[in-house]
Amino acid sequence: MMDIFEDLKWRGLIHQTTADEFLPGWLGSGSRTLYAGFDPTADSLHVGSLLPLMILRRFQKAGHKPIAIAGGATGMIGDPSGKSAERNLQTQEQLDANLAGIETQMRHVLDFECGDNSAILVNNNDWMSKFSYIEFLRDVGKNFPVNVMLAKDSVKSRLGSEAGLSYTEFSYMLLQAYDFVHLNREHGCELQIGGSDQWGNVTAGIDLGRRMNSVQLYGMTCPLLTKSDGSKMGKTESGAIWLSAERTSPYQFYQYWVNVADEDTGKCLRFLTELSRDEITELDKAREETPHQRESQKRLAEELTRLIHGESGLNAALKATEIFFGAEIDSLTDAELGQIFADVPSKQLSPSRLVDEKIGLIDAVVESGLSKSKSDARRSIKQGSIYVNNSRVDDIEYQLTREDLASESVIVLRSGKRKYALLRFLD
RNA sequence: GGGGGGGUACCGAAGCGGUCAAACGGGACAGACUGUAAAUCUGUUGGCUCUGCCUUCGCAGGUUCGAAUCCUGCUCCCCCCA
């Protein structure tokens, strides 16, 4: 069994634990059960959830049993930690749909069918919803001194803010704490992991375990995955990077990691991949010496895309990358093009236009939406920024014909470096 | 209520009778360079049946061979005095 604690430490994944001295030996001497919580606010996890998920995976590979808890109940309330304003509440239907989506994705990262230490996914709504308000206050609430709760950072910061803190959000801590106690009782779970902003909630659970059941539980937090400029990893101008292919195509996902800044890449490799120390050290060196090769970014992107989208997803992303960065496009199928250009707008035209009517390049560029007027299209072509199937065409008179089809029925137009549009000649 | 200034292309801002599709700056787009970074350099930035034609300078009229530029009315904005 590998030394999980040592590995986490080397990767910089241990921010704080409740038992620094004790945990290494404890983890090394048997299979333990641990859990991390995931917030079901959407039907897909995003890059932000990748870090705790990977930590669970590391534990599982080291022989421990991971529990992922989807906060069906807590998700209805919203964790105030690190949030500046009150959350919107979610409906039951939304939550159910979200949970289903999330589970599918977790299966890529955690093994749910490997015997004793199979991962399990539970929904805290299953036990929380059985509580009556009175019961909860009597059994759980009375174990929480308000003065201790008020001292937690997550509460303090919100009390001082203009938005304030509702009673509902204030209660969040009790729910998460009770989750831990419940999992301990039902599954023998003894360790909770979470981001460093979860410290208050984690220790609340440990306290509750001691008070209710006289058990000793443990907690471990990891650093938050942030960029060197302090912003969150996994966000772009156009929104979050998701783990579902429907929301973020494998190509976009791959590209996100290829474009990680040099300063952040080392951290990402350590935090999010399972590459060995030697490999990571080598990549660090390569990044230092030949930054323009961007070997480590490519490796990072490759590892993560394969994990989340599988070998075929990775291949699609690589093929798309090749094409989006200039490779000529020909002898592909409609299906392949459809996958590669999943994110690209397309325009359907009648096939007869290719044969009988002849479609001039200028008109094609306008119809595809790449240019807003014919004058604009004419200028673009003259300036050499229009490409048909990725080869430049600077002849204003050019007419598209069947010869220009890149697949059975598609011609790929491009303006400039990145802007693509598909013309589909179908009835 | 009185006095003054002003509304120009995506934004800021010149132009104040013809050579104005309208200087200049920013932005945007493209080309070169490059590490799918940044910077830099170059070009483009109303439309079209494109070496020419058409429509634009708050709105509507007028003067003139000719107006973004002059006149009249309307409208909106800013400043000063009440």
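Within the 4.0 Å cut-off from OP1 or OP2 of rG46(B), not a single side-chain nitrogen or oxygen of Arg379(A) is found. Contact between the side-chain N/O atoms of Lys372(A) and the OP1/OP2 oxygens of rG46(B) is not found at any separation under 4.0 Å. Taking only side-chain nitrogens and oxygens, Tyr387(A) never comes nearer than 4.0 Å to OP1 or OP2 of rA30(B). At the phosphate of rA30(B), neither OP1 nor OP2 sits under 4.0 Å from any side-chain N or O atom of Ser380(A). Side-chain nitrogen and oxygen atoms of Ser373(A) include at least one within less than 4.0 Å of the OP1 or OP2 phosphate oxygen of rG47(B).
Across every strand in view, rC70(B) sits in a pair with rG62(B) that passes the Watson-Crick or G-U test at under 3.5 angstrom. Judged by Watson-Crick or G-U wobble contacts below 3.5 Å, the nucleotide rA30(B) has rU42(B) as its partner. Nucleotide rA13(B) has no partner under the Watson-Crick or G-U criteria, as no pair reaches both atom distances under 3.5 Å.
Checking side-chain atoms of Ser196(A) against main-chain N and O of Thr221(A) turns up no donor-acceptor pair under 3.5 Å. Between the Thr305(A) side chain and the Glu302(A) main chain, no donor and acceptor come within less than 3.5 Å of each other.
Counting all heavy atoms, side chain and backbone alike, Leu27(A) lies closest to His64(A) at O-CE1, 3.1 Å.
Contacts of Tyr256(A) with the nucleic acid, taken as non-hydrogen atoms under 4.0 Å apart, are absent. Residue Gln255(A) is in base contact, counting any heavy-atom pair closer than 4.0 Å across all strands shown.
For Arg392(A), the side-chain atoms get nearest to rA32(B) when compared with the rest of rA30(B), rC50(B), rA32(B). Which of rA30(B), rU36(B), rG35(B) sits closest to the side chain of Thr321(A) comes down to rU36(B). Of all nucleotides listed (rC50(B), rU36(B), rG43(B)), rU36(B) comes nearest to the side chain of Asn259(A). Among the nucleotides rA30(B), rG35(B), rA37(B), the one closest to the side chain of Asp262(A) is rG35(B). In the set rA37(B), rG35(B), rC50(B), rC50(B) carries the atom at the smallest distance from any side-chain atom of Arg378(A). The side chain of Pro291(A) sits closest to rG35(B) out of rC50(B), rG35(B), rU34(B). Proximity note for Lys374(A) (side chain, C-beta onward) versus rG31(B), rU49(B), rU36(B): the nearest is rU49(B). For Gln383(A), the listed nucleotide lying nearest its side chain is rU44(B); candidates were rU34(B), rU44(B), rU36(B).
Between Tyr420(A) and Tyr387(A), a ring centre-to-centre spacing not shorter than 6.0 Å is recorded.
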May I have the step-by-step check of salt bridge (charged side-chain N to carboxylate O under 4.0 Å, His left out) for Asp43(A) and Arg247(A), ending in yes or no? CA-CA 10 Å; Asp43(A) 63 5; Arg247(A) 282 172 176 260; 2.7 Å; yes

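In this structure, the CD1 atom of Ile396(A) is 11 Å from the P atom of rU51(B), given to the nearest Å.
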